[in-house]
Amino acid sequence: MALRALIPSDERRVHALLAQMVREINEQSRGGTFSDLAVANRVADYFGPEFEIRINATGAPELDISDRSELIQMLLSARKSRRGVKVSLLDPQTVGISKTNAVVEATGKAEVSGETDVFVSELRFTLVKIDRRWRIRKVETIRTFE
Amino acid sequence: MKQFVAPAKIFQDRITELCYLGAVSVFESGHVDLVPLWRRVLIGRNPRITLLRAALIGLVCWVTFQHVLLPVRISGISMEPTLRNGSVNLINRLPYCWREPRRGEIVAIRTTGTSVMYLKRIVAMPNETVEIRAGRVFINGEPLAESYVKNPDPWEMPPRRLGRNEYLVFGDNRSMPMELHVAGVVRRDRIVGKAIWQGRPDP
């Protein structure tokens with residue numbers, strides 16, 4: 001038990017990484033461009049050098065990003081324009097894991113303050129281990145309804 | 001002249017006084033309970049048994065509300081007017097342990113877990129051919145009576161035969177374009193349970 005706490009398994013590391021990324025995304029904007037840029041860079045660091053994000057959820061804007069600068073731009077504009085968006089990643093399930101690759105499925109939920117509708121989408125994260133650190137390689141939508 | 005009061009009398013008076021204050025109880029058998037009333041009400045006569053009882057109640061509540069009756073708060077308008085946005089419902093997981101879901105039932109559909117679920121109504125069953133023409137649902141060529149749908153948008157869907165474990169589910173609010181309505185075909189393993197409150201019957 002203690003050993004498990006000291007040396008977490010890859011599965012726990014991957015889940016912790018995703019949870020940490022969500023915490024960074026939810027970090028309150030202090031209004032300054034530099035602080036926002038720092039947060040956007042920190043979030044972008046969770047992604048590997050080659051990555052792609054393809055999110056297509058009903059009722060939410062479509063996302064198709066595969067470039068780091070594009071991701072930072074998107075995060076910066078989201079931080080500037082958003083009025084209290086809370087993102088959460090619920091029920092992460094590890095679908096497959098090896099020493100260098102992992103696939104995790106989770107339910108992404110975005111709540112905009114003042115709006116009744118909640119954007120929900122099932123997401124599949126493909127992660128790779130680069131230099132002993134897990135990085136996100138791909139984020140895609142899973143269709144709940146076919 | 002000195003009055004001598006027997007020690008037993010003093011003890012009896014003191015007990016009577018404490019009885020009035022609710023600090024002790026004297027039973028018909030003569031047994032005196034020295035546990036104060038407030039403590040008996042709050043903790044019980046035997047704290048160990050009370051603790052055990054509380055733990056048992058907690059366990060029963062946890063099992064019930066985690067695995068049998070899942071409490072949900074409805075967020076969104078897709079099931080209106082049957083289920084209102086912000087209302088609370090319970091998802092009963094037991095019915096589908098011994099029978100399959102039926103047409104017309106409002107069911108909960110899980111995502112990767114049960115933290116977020118969709119509440120939808122079963123419209124078509126496995127192995128059925130379903131088609132939508134001008135907002136009207138046809139099952140195996142026969143129109144489906146849906147009194148719960150008010151002001152439907154003219155949805156169109158070409159005929160589709162459902163698979164062995166597939167169900168077609170829709171929300172009751174079909175006043176929006178079909179592309180904006182989160183619903184469709186789900187596999188049986190995604191159906192978690194049946195909503196306890198199935199909405200108000202039609203007037």
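Keep in mind that what you see is a predicted model, and the values were worked out from it rather than measured. Below, chain A is the first sequence line, B the second, and so on; all start at residue 1. Side chains are part of it too, since the values below use all heavy atoms of this structure and drop only hydrogens, waters and symmetry mates.
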More than 12 foreign heavy atoms under 6.0 Å from CG of B:N151: is that the case here? no
Run the side-chain donor-acceptor check on residues 53-65 of chain B: report pairs under 3.5 Å with partners two or more places apart or on a different chain.
unit_1: B:T64; atom_1: OG1; unit_2: B:V60; atom_2: O; d: 2.6

Applying ring-ring contact (aromatic ring centres under 6.0 Å, His included), can you list everything that pairs with B:W155, at least two apart in sequence or on another chain? B:F170, B:H181
Show your working on side chain to side chain contact (heavy atoms under 4.5 Å, CB included) between B:V182 and A:F145 and close with a plain yes or no. CA-CA 8 Å; B:V182 184; A:F145 302 98; 3.7 Å; yes
If you check every heavy atom in residues 112-132 of chain B against those of chain A, which residues fall under 4.5 Å? B:T112, B:G113, B:T114, B:S115, B:V116, B:Y118, B:K120
Quick check on B:R110 against chain A: is it the side chain, the backbone, both or neither that has a heavy atom closer than 4.5 Å? backbone
Enclosure of B:R99 CZ (heavy-atom neighbours >12, cutoff 6.0 Å): yes
Quick check: are there more than 12 heavy atoms from other residues, nucleotides or ligands sitting under 6.0 Å from CZ of A:R42? yes
Distance from B:L168 atom CG to A:E146 atom CD, nearest 0.5 Å? 11.5 Å
Crowded around B:R103 CZ? As in, over 12 foreign heavy atoms under 6.0 Å? yes
What residues of residues 120-132 of chain A sit under 4.5 Å from chain B when you count only heavy atoms? A:V120, A:E122
For B:E179, is it the side chain, the backbone, both or neither that has a heavy atom under 4.5 Å from a heavy atom of chain A? backbone
Report which part of A:Q93 has an atom under 4.5 Å of a heavy atom belonging to chain B: side chain, backbone, both, or neither. side chain
Spatial distance of atom CD1 (A:I142) from atom OG1 (B:T111) [nearest 0.5 Å]: 9.5 Å
